[in-house]
**Q** 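Sharing a structure with you now.
In what follows, every heavy atom counts, from backbone to side chain, and hydrogens, waters and symmetry copies are set aside.
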Amino acid sequence: MFDFFEFSNELLCLADQRGYFTRVNGAWTRTLGWSSDELTQQPYTAFVHPEDLAATLREAELLQTGKHQTIRFENRYRDKAGAYHWLAWNATVEPESGVVIAAARDVTEQKLQDEALHEAEERFHAFMNHSPAIAWAKDIDGKYVYLNRACDWQLGMRLEECAGKTDFEIWPAEIAEKFRANDCVVRDTGMAIQVIEETGRAGQRRYWFSTKFLSQDRAGRKYVNGIAVEITDLKRSEQALRTEQELLRNLIHVQENEKQFICHEFHDGLIQYAVGALMFLESHQRKHPPTDGTSSVDLAINSLRKGIEDGRRVIRGIRPAALDGMGVAAAIDDLLGQFASSGIAIEFDCDPNLGRLPQPVEMTVYRVVQEALNNARKYSGTDRITIQVRRDGFELLVEVRDFGSGFDVPSAWRRGFGLLGMTERVRLLGGDCEIQSRPGEGTRVSFRLPIPHDRPVDEDSGKLA
């Protein structure tokens with residue numbers, strides 16, 4: 001018995017009715033650092049934490065008066081270094097002698113862990129209950145076990161009303177089925193997913209960006225958890241933006257068709273009449289040459305020639321015939337011909353396998369290149385421009401670069417619509433455009449356009465088949 005008492009890892013002791021230890025084992029010294037003599041020379045309450053003293057005395061009184069045959073309680077004991085240890089006590093009293101027989105375990109580490117866990121749970125609940133995001137947990141059968149306060153604020157879902165229910169008991173079947181399908185992905189794979197989900201009913205739908213993940217408690221039970229933020233306004237803005245972009249694309253399409261119509265009418269009407277008048281006057285002049293070397297017919301012929309030339313130049317500027325007939329490469333070649341008298345050397349490198357592209361793509365490439373060339377001619381003072389057009393799979397890559405004076409891009413954005421027009425044309429077709437320039441370093445306009453590939457393009461017209 002005495003060997004067990006002395007070598008036990010538990011703190012064993014005997015105490016008298018005066019409140020003094022009469023015997024302690026070696027575990028006291030190993031745990032608290034006090035020697036046997038130091039522990040027995042003063043009341044055991046001298047080692048108790050002041051905050052725990054009253055409760056300890058109450059427990060001892062219950063034991064001594066016989067109201068309790070055994071007692072179990074916890075208090076803090078001071079070690080020799082001045083730190084306190086949590087001790088879990090089991091004590092009884094020997095009725096005849098009044099000797100208290102007690103055993104204690106040092107549970108400080110467990111106490112610290114419990115306190116840390118409690119603090120973590122308090123922080124978690126504080127965060128969850130004040131978060132604007134909704135949060136929930138379901139068991140693997142899809143039954144709700146947790147809802148934060150935001151679920152009440154946002155959706156009118158209270159835990160006391162929803163606990164034990166599935167989505168099919170709360171939402172319309174269409175919505176519940178989607179919820180369940182996403183939950184099953186998380187449950188079956190163990191992987192976290194991010195999805196856009198809907199709540200509400202037709203005409204009153206709300207959209208949520210949800211993150212769903214799996215967790216497991218100490219007993220091994222698994223739960224599908226979710227956190228979601230509402231993105232209804234964002235979805236509506238995206239829809240409005242898509243509608244606006246579609247409207248702009250249609251407006252550009254209508255505008256180009258109107259330009260094409262005007263050019264055809266101009267070419268087949270006014271220009272043809274002017275050409276006919278020119279041929280008539282030239283024929284008349286050959287049959288009736290003037291005797292004095294001058295004639296009003298000469299003036300009319302020269303005016304018609306200049307008018308026809310200017311008319312054809314305007315038509316090419318509005319919408320080149322080559323764009324409709326032979327494609328964007330031929331149209332850019334025709335455009336470069338208009339720069340022949342500018343004194344600028346232009347190098348045009350085009351992918352030989354480019355082929356015909358959808359009309360919206362060809363028109364966008366042509367217009368952006370046209371705008372970039374006009375800007376370079378007007379403002380850069382460059383004597384050299386390079387143009388590259390190449391196809392990379394289902395993307396078209398275009399670059400127009402000059403080596404002139406350059407400019408400050410941010411301030412240029414504020415001055416006009418030229419740069420905005422180029423970038424918006426590209427963006428409306430799902431591409432992106434980058435304009436790089438600095439004073440004294442020239443300008444580089446580069447853009448990327450996706451090439452639709454779900455439908456073939458007619459090689460002659462550029463239209464989707």
**Q** For D16, enumerate each residue passing the side chain to side chain contact (heavy atoms under 4.5 Å, CB included) test, keeping only those at least two apart in sequence or located in another chain.
**A** R18, Y20, T22
**Q** Which residues pass the ring-ring contact (aromatic ring centres under 6.0 Å, His included) test with F394, not counting sequence neighbours?
**A** H453
**Q** For a 4.5 angstrom cut-off between non-hydrogen side-chain atoms, does F124 reach M128?
**A** yes
**Q** Which residues pass the ring-ring contact (aromatic ring centres under 6.0 Å, His included) test with Y44, sequence neighbours left out?
**A** F21
**Q** Under the ring-ring contact (aromatic ring centres under 6.0 Å, His included) rule, collect the residues that match up with H49, sequence neighbours excluded.
**A** Y84
**Q** Just distance, no hydrogens or angles: give the donor-acceptor pairs under 3.5 Å from side chains in residues 58-65, sequence neighbours left out.
**A**
residue, atom, partner, partner atom, Å
T65, OG1, E61, O, 2.8
T65, OG1, L62, O, 3.4

**Q** Just jot down the salt bridge (charged side-chain N to carboxylate O under 4.0 Å, His left out) partners of E38, sequence neighbours excluded, or say none.
**A** K80
**Q** Can you list everything that forms a ring-ring contact (aromatic ring centres under 6.0 Å, His included) with W34? Sequence neighbours excluded, please.
**A** F47
**Q** Are W136 and F179 close enough that their ring centres sit under 6.0 Å apart?
**A** no
**Q** Can you find a pair of side-chain heavy atoms, one from V389 and one from D349, that are under 4.5 Å apart?
**A** no
**Q** Got a sec, which residues hit side chain to side chain donor-acceptor pair (under 3.5 Å) with E96, two or more places apart in sequence or on another chain?
**A** none
**Q** Who passes side chain to side chain donor-acceptor pair (under 3.5 Å) against R206, sequence neighbours left out?
**A** Q154, E230
**Q** Side chain to side chain donor-acceptor pair (under 3.5 Å): which pairs involve residues 379-394, sequence neighbours left out?
**A** E347-R384
**Q** May I ask you to check whether N225 and S215 show a side-chain donor-acceptor distance below 3.5 Å?
**A** yes
**Q** Only counting residues at least two apart or in another chain, list the ones meeting side chain to side chain donor-acceptor pair (under 3.5 Å) with W89.
**A** N75
**Q** Would you mind listing every side chain to side chain donor-acceptor pair (under 3.5 Å) that reaches into residues 139-151, with sequence neighbours excluded?
**A** Y144-D167
